[in-house]
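Quick caveat, the model's predicted, so the values are computed rather than measured. Each chain gets a letter, A, B and so on, in the order the sequences are listed, and its residues count up from 1. Just so it is clear, the values below take in all heavy atoms, side chains as well, and ignore hydrogens, waters and symmetry mates.
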Protein chains: 2
Amino acid sequence: MQFSKSTDYALHALIHLGLSERSHHVGIKELSGSLGVSESYLSKIMSKLRQDGIVRAVPGVNGGYELARPAEQISFLDVIQVIEGRQQLFECSNSSSQQHQLLVEQGSAPDEQRNLARKDCLIEKVMLGAEQQMHQYMREHTIQSVLDEAVERRSHEANKK
Amino acid sequence: MQFSKSTDYALHALIHLGLSERSHHVGIKELSGSLGVSESYLSKIMSKLRQDGIVRAVPGVNGGYELARPAEQISFLDVIQVIEGRQQLFECSNSSSQQHQLLVEQGSAPDEQRNLARKDCLIEKVMLGAEQQMHQYMREHTIQSVLDEAVERRSHEANKK
DNA sequence: ACTATTATAGACATTAAAGATCCATAATAG
DNA sequence: CTATTATGGATCTTTAATGTCTATAATAGT
Ligand code: SF4
Ligand code: SF4
């Protein structure tokens with residue numbers, strides 16, 4: 001299991017946009033050149049980002065892309081979810097196995113609520129919990145926070161001299 | 001991005017083993033029947049788990065699988081890493097792009113150490129941090145902890161009556 | 001030593017997803 | 001009106017996951 005290259009591209013592209021002035025449009029040519037990816041492929045990714053309201057796009061002369069909102073409001077989680085989708089990392093298939101009986105419907109309790117199914121599965125609970133941890137961290141880190149860190153590091157370097 | 005079905009199978013199989021008495025061997029037939037997966041495929045997965053020291057296997061009559069160590073010493077992270085591999089979730093490709101220059105070698109500092117490369121990348125830092133969060137959570141949850149929780153829940157159900 | 005049983009490993013086939021390209025179309029600035 | 005730029009659909013390639021089959025090796029029980 002790995003993040004797709006598209007996620008890689010998307011993040012780099014957004015950082016590039018974050019460096020450009022607001023309301024200045026960056027064309028696909030510049031982006032693709034900067035990242036070393038084909039225009040064709042990258043434009044698909046940018047298109048996705050637009051559909052999800054991460055960037056704005058304007059066609060025509062001097063057109064291109066810009067961030068749709070301030071970089072501090074674009075979290076890593078936002079980006080990952082656009083590209084990788086929003087399904088859970090863990091989704092079981094065999095919800096009819098004996099295991100299932102054991103871990104979900106637990107010892108029988110058929111009277112009241114049936115059809116709890118997946119909601120109460122102990123395996124899913126762990127896997128989902130783990131995913132949430134990762135999400136939380138990604139929610140706290142934005143395009144801007146990376147940019148800031150870069151600046152900070154740069155001045156740190158300068159001090160050394 | 002999703003966990004593979006193999007991870008699903010592995011977890012279920014280990015829970016099955018965790019329920020069986022220690023030093024009692026569970027054959028692939030029983031496992032595959034219980035999970036609703038083909039013997040062929042499941043045996044591949046079990047084989048991997050054996051190679052990584054999660055389970056023990058003995059061939060021959062009355063042979064089969066058993067946990068290689070106590071269930072409380074088998075964490076979800078252990079299992080996931082056996083099946084999904086140990087590469088990082090995020091591994092960038094284009095480490096030659098302009099972006100790279102900016103985020104890693106930061107403003108130039110060519111004198112002393114070159115070749116720091118990926119180690120100091122701010123994007124990787126975020127992505128790796130997020131992954132670590134997930135790992136930590138998975139490290140804290142074991143096959144046994146799920147089994148315990150199941151028992152606990154069962155007694156809880158009983159109390160209700 | 002023999003036999004039935006069970007796991008193992010390699011080869012192979014199938015399916016699904018990611019990665020990538022091409023082209024016809026639509027929108028926009030000038 | 002035109003050159004420019006993004007968009008969406010179709011399509012191809014590559015890669016990884018999934019799944020099956022078979023021959024081999026190891027073991028317990030006789
Ligand atoms: S809901 Fe839980 S127990 Fe049931 S099949 Fe899915 S993972 Fe297994
Ligand atoms: S090391 Fe960082 S900046 Fe360089 S290519 Fe990888 S992700 Fe991008």
Student: When the distance from CD of B:E39 to C1' of D:dT22 is rounded to whole Å, what number comes out?
Tutor: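 Rounding to the nearest Å, CD of B:E39 and C1' of D:dT22 are 14 Å apart.
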
Student: In whole angstroms, how far is the C1' atom of D:dA16 from the CE atom of B:M1?
Tutor: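 Spelled out: CE on B:M1 to C1' on D:dA16 is 15 Å.
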
Student: Any idea which of D:dA3, D:dA6, D:dC21 is nearest the A:Y65 side chain?
Tutor: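 The answer is D:dA6.
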
Student: May I have the distance from A:F3 (atom CZ) to D:dA16 (atom P), rounded to whole angstrom?
Tutor: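 My rounded result for the distance is 18 Å.
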
Student: For DNA chain C, which nucleotides open and close the run of contacts to chain A, 5' to 3', at under 4.0 angstrom from a non-hydrogen atom?
Tutor: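 Listed 5' to 3', the contact boundaries are C:dG19 to C:dG30.
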
Student: Tell me whether B:R69 is salt-bridged to B:D78, with the criterion being a basic N under 4.0 Å from an acidic carboxylate O.
Tutor: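 B:D78 and B:R69: salt-bridged.
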
Student: Touch check for B:K44, heavy atoms < 4.0 angstrom, all strands: base, sugar-phosphate only, or nothing?
Tutor: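 Counting heavy atoms under 4.0 Å across all strands, the contact made by B:K44 includes a base.
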
Student: Starting from the C-alpha separation in whole Å, work towards a yes-or-no answer on side chain to side chain contact (heavy atoms under 4.5 Å, CB included) for A:Q144 and A:Q73.
Tutor: CA-CA 8 Å; A:Q144 186 63 51; A:Q73 287 173 33; over 6 Å; no

Student: Would a 4.5 Å heavy-atom cut-off, applied to side chains only, mark A:Y41 and A:Y9 as touching?
Tutor: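 Side chain of A:Y41 against side chain of A:Y9, heavy atoms only: contact under 4.5 Å found.
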
Student: Counting only side-chain nitrogens and oxygens, does B:Y9 get under 4.0 Å of the OP1 or OP2 atom of D:dG19?
Tutor: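 It does, given that an N or O in the side chain of B:Y9 lies less than 4.0 Å from OP1 or OP2 of D:dG19.
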
Student: May I ask you to evaluate whether B:S4 reaches the phosphate of D:dT18, defined as a side-chain N or O under 4.0 Å from OP1 or OP2?
Tutor: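 Yes.
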
Student: Spell out, yes or no, whether A:L77 and B:F90 are grouped together once hydrophobic residues are joined by side-chain heavy atoms under 4.5 Å, including indirect joins.
Tutor: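 Yes, one cluster joins them.
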
Student: Between P on D:dA6 and NZ on A:K48, what's the gap in Å once rounded to a whole number?
Tutor: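 Distance check: A:K48 NZ to D:dA6 P gives 19 Å.
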
Student: Under 4.0 Å between a Lys/Arg side-chain N and an Asp/Glu carboxylate O for A:R153 and A:D148?
Tutor: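 No, A:R153 and A:D148 are not salt-bridged.
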
Student: Are A:E66 and A:L17 close enough that some pair of their side-chain heavy atoms sits under 4.5 Å apart?
Tutor: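 The answer is no, as the side chains (C-beta and beyond) never meet within the 4.5 Å cut-off.
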
Student: Are any of B:S38's side-chain N or O atoms less than 4.0 Å away from OP1 or OP2 of D:dT20?
Tutor: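 Checking B:S38 against D:dT20: at least one side-chain N or O falls below 4.0 Å of OP1 or OP2.
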
Student: Quick one: look up who C:dG30 pairs with, Watson-Crick or G-U, both distances under 3.5 Å, and put none if it's unpaired.
Tutor: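 Pair assignment: C:dG30 / D:dC1.
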
Student: Taking CD1 from B:I28 and C1' from D:dG19, how many angstroms apart are they, rounded to a whole number?
Tutor: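 That distance rounds to 14 Å.
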
Student: Are side-chain heavy atoms of B:T142 and B:I74 found at a separation under 4.5 Å?
Tutor: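 Heavy-atom side-chain distance check fails, nothing below 4.5 Å.
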
Student: Could you check how far CD of A:Q51 sits from C1' of D:dA6, rounded to whole Å?
Tutor: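 In whole Å, D:dA6 C1' lies 12 Å from A:Q51 CD.
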
Student: In this structure, how many angstroms lie between the P atom of D:dT15 and the CD atom of B:E91, rounded?
Tutor: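 Rounded to the whole Å, the gap is 16 Å.
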
Student: Please determine if a side-chain N or O atom of A:S47 lies less than 4.0 Å away from the OP1 or OP2 oxygen of D:dA6.
Tutor: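 For D:dA6, OP1/OP2 do not have a side-chain N/O of A:S47 under 4.0 Å.
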
Student: Heavy atoms only, 4.0 Å cut-off, all strands: where does B:E84 land among base, sugar-phosphate and nothing?
Tutor: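 No contact.
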
Student: Can you check the A:E66 CD to D:dA6 P distance for me, whole Å?
Tutor: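 Result: 12 Å.
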
